[in-house]
Amino acid sequence: QVQLVESGGGLVQAGGSLRLSCTVSGSIFSINGMGWYRQAPGKQRELVASITRGGSTGYADSVKGRFTISRDNAKNTVYLQTNILKPEDTAVYYCNAKIIVLGMGMSQYDYWGQGTQVTVSS
C-alpha cells in the first residue's frame with residue numbers, strides 16, 4: 001500500500017560524497033516527518049537526520065556540518081547529502097517517514113525503506 005524506495009548508496013573513499021534519495025509511493029494522504037537512520041554491524045540503529053514537513057531539520061552530532069537533509073514535498077522524496085565521509089559512517093542507511101494513509105483515518109504510521117549500504121574506505 002505504501003512503499004519507500006531508497007537509492008544512492010555505494011562504496012566511496014574517505015573524504016568523498018554520496019547523495020541518498022528516498023521516494024514514497026502509494027495511497028498517501030500526507031507525509032509528515034521524514035528522516036534517515038543508519039545501522040552499522042553490531043550496533044543499534046541510530047537517527048542521523050530528520051526534517052519536518054515545513055523544512056525544520058535536526059542532525060546527530062556526529063554528522064553536523066557534513067550531512068544535509070532536504071525534501072521535495074511535490075515528489076514525496078527526501079534526500080541526504082553526505083560529504084566528507086569517514087570510515088565510521090559505514091552502515092546501512094534507512095529512510096523513515098511518518099505517513100497518514102488514505103482510508104486509515106488521521107493517525108500517522110511509521111514506514112521504513114529497505115536500506116541502502118554506504119561503505120567508506122580509508
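Contact between K98 and D110 at its shortest, heavy atoms only, is NZ-OD1, 2.8 Å. Summarising the geometry of L80 relative to A49, their closest heavy-atom pair is CD1-CB, 4.1 Å, with the distance given to 0.1 Å. Nearest heavy-atom pair across A40 and A91 is N-CB, 3.8 Å.
Looking at I69 and M34, their side chains never come closer than 4.5 Å, going by heavy atoms from C-beta outward. Within the 4.5 Å cutoff, side-chain heavy atoms of F67 are placed close to those of V48. Residues C95 and V78 have side chains in contact (heavy-atom distance under 4.5 Å, counting atoms from C-beta outward). Side-chain contact check for I31 versus N76: some heavy-atom pair is nearer than 4.5 Å.
R45 forms a cation-pi arrangement with Y94, by the criterion of a distance under 6.0 Å to the ring centre and an angle within 45° of the ring axis.
Of the inter-residue distances, the one linking R38 atom CZ with E46 atom CD reads 4.5 Å to the nearest 0.5 angstrom. For the atom pair OG1 of T90 and CD of E88, the computed distance is 8.5 Å after rounding to the nearest 0.5 Å. In this structure, CD1 on I51 lies 10.0 Å from OG1 on T68, to the nearest 0.5 angstrom. For the atom pair C22 SG and Q3 CD, the distance stands at 11.0 Å (nearest 0.5 Å). Taking OH from Y109 and CD1 from I100, the interatomic distance works out to 10.0 Å, rounded to the nearest 0.5 Å. Note: R66 CZ to Q81 CD = 12.0 Å, rounded to the nearest 0.5 Å.
Between the side chain of R53 and the main chain of G33, no donor-acceptor pair closer than 3.5 Å is present.
Not counting sequence neighbours, the partners of V2 by the side chain to side chain contact (heavy atoms under 4.5 Å, CB included) test are L4, V24, I99, V101, Y111.
Pairs passing the side-chain hydrogen bond (donor to acceptor under 3.5 Å, both in side chains) check and including a residue from residues 10-37, sequence neighbours excluded, read S17-N83, T23-T77, S30-N32, N32-Q108.
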Chi angles and distances behind the side chain to side chain contact (heavy atoms under 4.5 Å, CB included) call for T82, V118 | CA-CA 10 Å; T82 66; V118 171; 5.8 Å; no
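With L85 as the partner, the side-chain contact (heavy atoms from CB on, under 4.5 Å) test is satisfied by one option alone out of V12, T119, V63: V12.
Ion pairing of K86 with D89 is absent here, as no side-chain N (NZ or NE/NH1/NH2) approaches a carboxylate O to less than 4.0 Å.
Clustering ILVMFWY residues whenever any of their side-chain heavy atoms sit less than 4.5 angstrom apart, transitively, puts I84 in a cluster other than the one holding Y59.
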